[in-house]
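Here the structure comes first, spelled out in structure tokens, and everything after it is commentary.
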Amino acid sequence: CLSALPAVLVAAGITAAPVWGQDHPKGGDHPKGGDHPKGGDHPKGGEHPKGGDHPEHPGGGAEAEAWMKASTPGDIHKMLMSMEGNWTADQEFAMAPGAPPQKSQGTSEAKAILGGRFLRQSYKGDMGGMPFEGVDVTGYDNLKKKVVGVWMDSMGTMMMHLEGDYDAATKTLTTTSEYDDPASGQKKKMKFVTKIVSEDEHVFDMYDVAADGKENKIGMIRYTRKK
């Protein structure tokens with residue numbers, strides 16, 4: 001969008017050069033005698049901007065370094081990109097509290113996008129015997145120091161925004177999200193836990209989180225890389 005252009009230009013170092021670097025007008029372009037500022041109006045020698053006093057170029061120095069640091073993929077981005085590929089998804093979902101889980105199989109295609117900054121997943125399967133599709137985009141926000149994501153699927157028109165952390169020691173990614181429950185009209189919370197078993201397998205668990213913080217596991221998907 002247009003409002004983002006200034007930030008993008010600063011990040012790229014594409015800004016107007018300081019006026020101090022402009023060429024002086026050539027002889028023929030000087031103002032005529034009557035238009036010259038009078039002697040008293042000329043800035044004195046000591047009032048001319050010195051080299052060290054020149055305004056810093058907006059696209060350089062600390063500002064450019066900060067933009068570069070914020071936009072450079074790191075270790076958690078590499079972890080996310082390790083899940084790129086085509087996967088078989090064996091899923092189990094409990095359609096009601098206490099009911100036995102329903103089992104089915106789906107597929108997932110995950111691709112690195114935007115220079116390895118985000119992972120986009122396209123999921124296809126079924127839910128309660130009905131065809132089901134979902135799209136997920138996950139990344140790591142260097143400024144927030146949080147894993148961030150958004151989920152959309154064919155069972156609704158909302159977008160679920162997720163945020164959480166990655167524990168490198170246990171290879172576990174945990175995120176949470178709030179959504180509007182169509183049945184009650186109230187805000188509800190969900191928790192998602194991805195455990196990386198190996199480069200060819202990871203397990204995704206889903207929990208409903210009650211107002212008192214009690215968690216109820218409602219589903220699981222085991223992803224196995226297609227050979």
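A donor-acceptor contact shorter than 3.5 Å links the side chain of R225 to the backbone of E84. Without hydrogens or angle criteria, K195 side chain to T170 main chain gives a donor-acceptor distance under 3.5 Å. Remark: side-chain polar atoms of D208 are not paired, donor with acceptor, to backbone N or O of I218 under 3.5 angstrom. Q121 places no side-chain N or O within donor-acceptor distance of the main-chain N or O of G134, the cut-off being under 3.5 Å. Side-chain atoms of R120 never come within 3.5 Å of backbone atoms of V135 as a donor-acceptor pair (strictly under, hydrogens ignored).
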>> Run the salt bridge (charged side-chain N to carboxylate O under 4.0 Å, His left out) test on D181 and K187 for me, step by step, so that the C-alpha distance in whole Å, both residues' side-chain angles and the decisive distance to 0.1 Å come before the verdict.
In response: CA-CA 6 Å; D181 179 30; K187 290 280 187 183; over 6 Å; no

>> One pair to check against side-chain contact (heavy atoms from CB on, under 4.5 Å): K103 and D90. What are the steps and the verdict?
In response: CA-CA 7 Å; K103 299 181 180 182; D90 294 297; over 6 Å; no

>> Apply side-chain contact (heavy atoms from CB on, under 4.5 Å) to residues M160 and F192 and explain how you reach the verdict.
In response: CA-CA 12 Å; M160 293 184 69; F192 308 94; 4.0 Å; yes

>> Apply side-chain contact (heavy atoms from CB on, under 4.5 Å) to residues T176 and K189 and explain how you reach the verdict.
In response: CA-CA 7 Å; T176 59; K189 186 176 181 179; 3.9 Å; yes

>> Is there a side-chain contact (heavy atoms from CB on, under 4.5 Å) between Y166 and D75? Walk through the geometry before answering.
In response: CA-CA 11 Å; Y166 176 67; D75 291 339; over 6 Å; no

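If you chain together hydrophobic residues whose side chains sit under 4.5 Å apart, V148 and I113 never meet in one group. Y179 and F93 fall within the same hydrophobic cluster, where Ile, Leu, Val, Met, Phe, Trp and Tyr residues are linked whenever their side-chain heavy atoms come under 4.5 Å apart, directly or through other members. One hydrophobic cluster holds both F132 and F204 under the rule that ILVMFWY side chains link at heavy-atom gaps under 4.5 Å. When the side chains of ILVMFWY residues are joined at heavy-atom separations under 4.5 Å, either directly or via intervening members, I196 and V193 end up in two distinct hydrophobic clusters.
The CE atom of M83 sits 10.0 Å away from the OG atom of S108 when rounded to the nearest 0.5 Å. Atom CE of M190 sits about 10.0 Å away from atom CG of N216, to the nearest 0.5 Å. Taking CG of N142 as the reference point, atom CD1 of I76 lies at 8.5 Å (rounded to 0.5 Å).
In terms of heavy atoms, L80 sits closest to L119 at O-CD2, 3.3 Å. Shortest non-hydrogen contact noted between W87 and K226 is O-CE, 3.7 Å. What you find for G106 and Y123 is that their closest heavy atoms are CA-OH, 4.2 Å. When all heavy atoms are compared, the tightest approach of P131 to S154 is O-OG, 4.1 Å. When all heavy atoms of M158 and D180 are compared, the pair lying nearest together is SD-O, 4.2 Å. The nearest pair of heavy atoms linking R117 to M81 is C-CE, 4.2 Å.
A donor atom on one side chain and an acceptor atom on the other are not found under 3.5 Å apart for T224 and E201.
Shown are D165, V147, D167; of these, the side chain to side chain contact (heavy atoms under 4.5 Å, CB included) with L173 is made only by V147. A side chain to side chain contact (heavy atoms under 4.5 Å, CB included) with I221 holds for exactly one of M206, Q105, H202, E92; it is M206. Tested against M155, the residues M130, M127, E133 include a single side chain to side chain contact (heavy atoms under 4.5 Å, CB included) partner, M127.
Between D205 and K217 there is a salt bridge, with a side-chain nitrogen of the basic residue lying less than 4.0 Å from a carboxylate oxygen of the acidic one.
N86 has its side chain out of reach of T107: every pair of non-hydrogen atoms, C-beta onward, lies at least 4.5 Å apart. Between D200 and K227 the shortest side-chain heavy-atom distance falls below 4.5 Å.
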